[in-house]
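Before any comments, here is the structure.
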Protein chains: 2
Amino acid sequence: MGDVEQDDGQVVAAQPIRRLRRAERREQILDAATRAFARAGYNATGLDDIADEAELTRAMLYRHFDSKADLYRAVLDRACVRLEEATGADDFDDSAIPALLRAAAADPDGFRLLFRHAAREPDFRELIDSITAASREVAHRNLARRIPAGPWLDWAATLIPAFTLEAVIAWLDAGQPDPDQAAARISQAVRGVMAAAHASH
Amino acid sequence: MGDVEQDDGQVVAAQPIRRLRRAERREQILDAATRAFARAGYNATGLDDIADEAELTRAMLYRHFDSKADLYRAVLDRACVRLEEATGADDFDDSAIPALLRAAAADPDGFRLLFRHAAREPDFRELIDSITAASREVAHRNLARRIPAGPWLDWAATLIPAFTLEAVIAWLDAGQPDPDQAAARISQAVRGVMAAAHASH
DNA sequence: TCCCTTGTAGAAGGCAAAGTGTACATGTAG
DNA sequence: CTACATGTACACTTTGCCTTCTACAAGGGA
């Protein structure tokens, strides 16, 4: 029976127990964990929070993942894979920003989790560092055609990818208005930052 | 005696025990804690890490601070106060960015700690939120003269302060080259972002 | 119908790190 | 001189939370 005896002794009809196949349940847990972790990051999120979010018991989490860290890695990995699928090889051409917006809109919790939390967590940031390092490389190559080598080139190559991510997250926070306009505005803003970076002051 | 018997039985001259008055020692602990926390944030930094950094024992930390959280708050408070002193009322006029650069250069660990770590830590972000909220307010007011109310105004008002901080931190990471040029470049970049935000697309 | 898998509920274990206590050493103010 | 605040050293307790274990319930395919 799915019935439940409450504190006051009343017996009420509870939700019939939903049974899913392993793969489905796993995905559902990953979805819930992504939402839960996205709120406060790894440390501040207890397994109970995740279990509640997934409407499951803590025990079930351990039937699908070896540990909290394992679950977190699975969450981050999935978010990374989705991001890479959505953005392609990330060549930083004009199609990159619309692709990034699509990816963020398709999985906003995962996106925020990756760049707002995981990027600052010592035990996990390596996963994200590979992405940001690659972006910096690409930006560095592209900017090197206009900006002479030196600290300002390094500065711009670090700043522009970081700025782009901030702009995308701010767009999510603003309610995802008009993706096409967003892409145009962010692209223009990036050009503005580039201009400032290679101006002679 | 400041001498110390080592594992191998040898007795060597140790550092003479440095005794400081309470206020001095407190400041020294805050300095060390700022450095230690700045590396990895609150959770990933143990009291032993801080004690090592300060060249003291854990017990001493408790003579100056009630708890780890108390110490962290003291560190953040001091960083906030220094920041506010260095930037003045933060009116976001043209003097704001040079002031921000001065503040960051004067206390780079504190600056990074505030905006890279504390801003994402649920138990402590309230301290930083007041700063970022105020910046957003100011930006919102200034931008409202050019950008019609709506999601794009909100987007720009969130993004521009965040971008400015990213730019300052990237400048720290690049080795703090030429503060005057940095201010000019960041100001120009901000104008570029503003232009993109209020363009009609 | 039978039985395996998925599921609940909750107690108990274990471990890392915070927090406390005690004993003792020593520079410095009074 | 001497008393106290500052300091070391280190063992101990507490706590929070991950992790494991046990006992039982129930859906659903063979």
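Just so you know, these numbers use all the heavy atoms, side chains as well, and skip hydrogens, waters and symmetry mates. The sequence lines fix the lettering, A, B, ..., with proteins before strands; numbering per chain opens at 1.
- Proximity note for Ala59(B) (side chain, C-beta onward) versus dC21(D), dA9(D), dT6(D): the nearest is dA9(D).
- If you take CG of Leu71(A) and P of dT19(D), they are 10 Å apart, rounded to a whole angstrom.
- Minimum atom distance to the side chain of Leu47(B) is reached by dA18(C), of the listed dA18(C), dG21(C), dT6(C).
- The side chain of Thr57(A) sits closest to dT8(C) out of dT20(D), dG7(D), dT8(C).
- dC10(D) atom P lies 18 Å from atom OH of Tyr62(B), rounded to whole Å.
- There is a side-chain donor-acceptor pair under 3.5 Å between Gln28(B) and Arg25(B).
- Rounded to an integer number of Å, the gap from NZ of Lys68(B) to P of dG16(D) is 15 Å.
- Atoms CG (Asp52(B)) and P (dT8(D)) sit 12 Å apart, rounded to a whole Å.
- Residues Asp66(A) and Arg63(B) both approach DNA chain D. Their nearest nucleotides, taken by heavy-atom distance, put Arg63(B) toward the 5′ side.
- Applying the 4.0 Å criterion to OP1 and OP2 of dC17(D), one finds that Arg58(A) has every side-chain N and O outside that range.
- Residue-environment remark: CD (Glu137(B)) stays at or below the threshold of 12 foreign heavy atoms within 6.0 Å.
- Between the CE atom of Met60(A) and the P atom of dT20(D) there is a distance of 15 Å, rounded to whole Å.
- Of the candidates dG7(D), dT20(C), dT6(C), dT6(C) carries the atom nearest the Arg22(A) side chain, counting heavy atoms from C-beta on.
- Atom-to-atom, CD1 of Ile50(A) to C1' of dC17(D) comes out at 12 Å; the value is rounded to the nearest Å.
- Aromatic ring orientation, Tyr72(A) versus Phe124(A): perpendicular (interplanar angle above 60°, classes split at 30° and 60°).
- Applying the salt bridge (Lys or Arg N to Asp or Glu O under 4.0 Å) test between Asp107(B) and each of Arg102(B), Arg112(B), Arg35(B), Arg82(B) identifies Arg82(B) as the sole match.
- The listed nucleotides are dT8(C), dT6(D), dG19(C); the one nearest the side chain of Ser67(B) is dG19(C).
- Of the side-chain N and O atoms in Arg25(A), one or more sit less than 4.0 angstrom from OP1 or OP2 of dG7(C).
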